[in-house]
Amino acid sequence: MQVAVGGSAGLVFVPDTVNAAVGDSVVFVFHSQNHTVTQSAFAAPCVKIADGMDSGFMPNPNDTIVPPPMMAMQVTVATPLCKKLCF
């Protein structure tokens, strides 16, 4: 499954919620400008948790990179994860 990061919808994930099973891959597709996807706690958005996933900055100025930068994450736990769009 794919999740758009940024783009024409603004500074959001599309879709904003994904129901993935252990073993599924979620592919983050980066649009417009320079964003990161960072695994954080719900109480501290954009503060990476220890051993959490962080894409690092993925630039795509004005969607000029084709195909857009992508990063895959394999789901390894059945509990909810918090990912924040940071810029």
Side-chain angles (χ1 to χ4, degrees):
M1 60 194 67
Q2 288 192 349
V3 175
V5 180
S8 61
L11 298 175
V12 296
F13 293 118
V14 177
D16 62 358
T17 302
V18 174
N19 293 317
V22 172
D24 287 351
S25 287
V26 178
V27 178
F28 295 94
V29 183
F30 294 83
H31 297 281
S32 294
Q33 307 317 323
N34 193 14
H35 307 294
T36 69
V37 173
T38 304
Q39 187 176 356
S40 60
F42 288 99
C46 293
V47 177
K48 182 181 173 233
I49 61 171
D51 298 321
M53 186 275 299
D54 186 6
S55 66
F57 282 107
M58 303 289 272
N60 189 357
N62 299 316
D63 282 323
T64 57
I65 299 174
V66 179
M70 297 181 200
M71 188 201 71
M73 181 199 83
Q74 185 172 20
V75 177
T76 59
V77 295
T79 54
L81 299 174
C82 177
K83 302 281 190 256
K84 293 294 180 179
L85 174 62
C86 304
F87 45 87

Engineer: Under the side-chain contact (heavy atoms from CB on, under 4.5 Å) rule, collect the residues that match up with Thr64, sequence neighbours excluded.
Structural biologist: Asn60, Pro61, Asn62
Engineer: Mind checking side-chain contact (heavy atoms from CB on, under 4.5 Å) for Val14 and listing every partner two or more places apart, or none if nothing turns up?
Structural biologist: Ala4, Ala9, Val12
Engineer: Transitive ILVMFWY cluster of Met70 at side-chain heavy atoms under 4.5 Å: who else is in it?
Structural biologist: Val27, Val29
Engineer: Dump the intermediate steps for side-chain contact (heavy atoms from CB on, under 4.5 Å) on Gln33 and Leu11, then the final yes or no.
Structural biologist: CA-CA 10 Å; Gln33 307 317 323; Leu11 298 175; over 6 Å; no
Engineer: Compare every heavy atom of Ala78 with every heavy atom of Val22, then report the nearest pair and how far apart it is.
Structural biologist: CG2-N, 3.7 Å
Engineer: Testing the basics here: between Val5 and Val37, what is the closest heavy-atom pair and its distance to 0.1 Å?
Structural biologist: CG2-CG2, 3.8 Å
Engineer: Clusters formed by hydrophobic residues whose side-chain heavy atoms approach within less than 4.5 Å: which one holds Ile65, and what are its other members?
Structural biologist: none
Engineer: Work out which heavy atom in Phe28 is nearest to a heavy atom in Met73; give both atom names and the distance.
Structural biologist: CE1-CB, 4.2 Å
Engineer: Would you mind listing every side-chain hydrogen bond (donor to acceptor under 3.5 Å, both in side chains) that reaches into residues 7-31, with sequence neighbours excluded?
Structural biologist: His31-Asp63
Engineer: Could you give all pairs that pass the side-chain hydrogen bond (donor to acceptor under 3.5 Å, both in side chains) test and reach residues 44-58, with sequence neighbours left out?
Structural biologist: Thr38-Asp54
Engineer: Identify the heavy atoms of Pro69 and Pro59 that sit nearest to each other, and give their distance.
Structural biologist: CG-O, 3.5 Å
Engineer: What residues form a side-chain contact (heavy atoms from CB on, under 4.5 Å) with Val66, not counting sequence neighbours?
Structural biologist: none
Engineer: Is there a path from Ile49 to Val75 through hydrophobic residues (I, L, V, M, F, W, Y) whose side chains come within less than 4.5 Å of each other?
Structural biologist: no
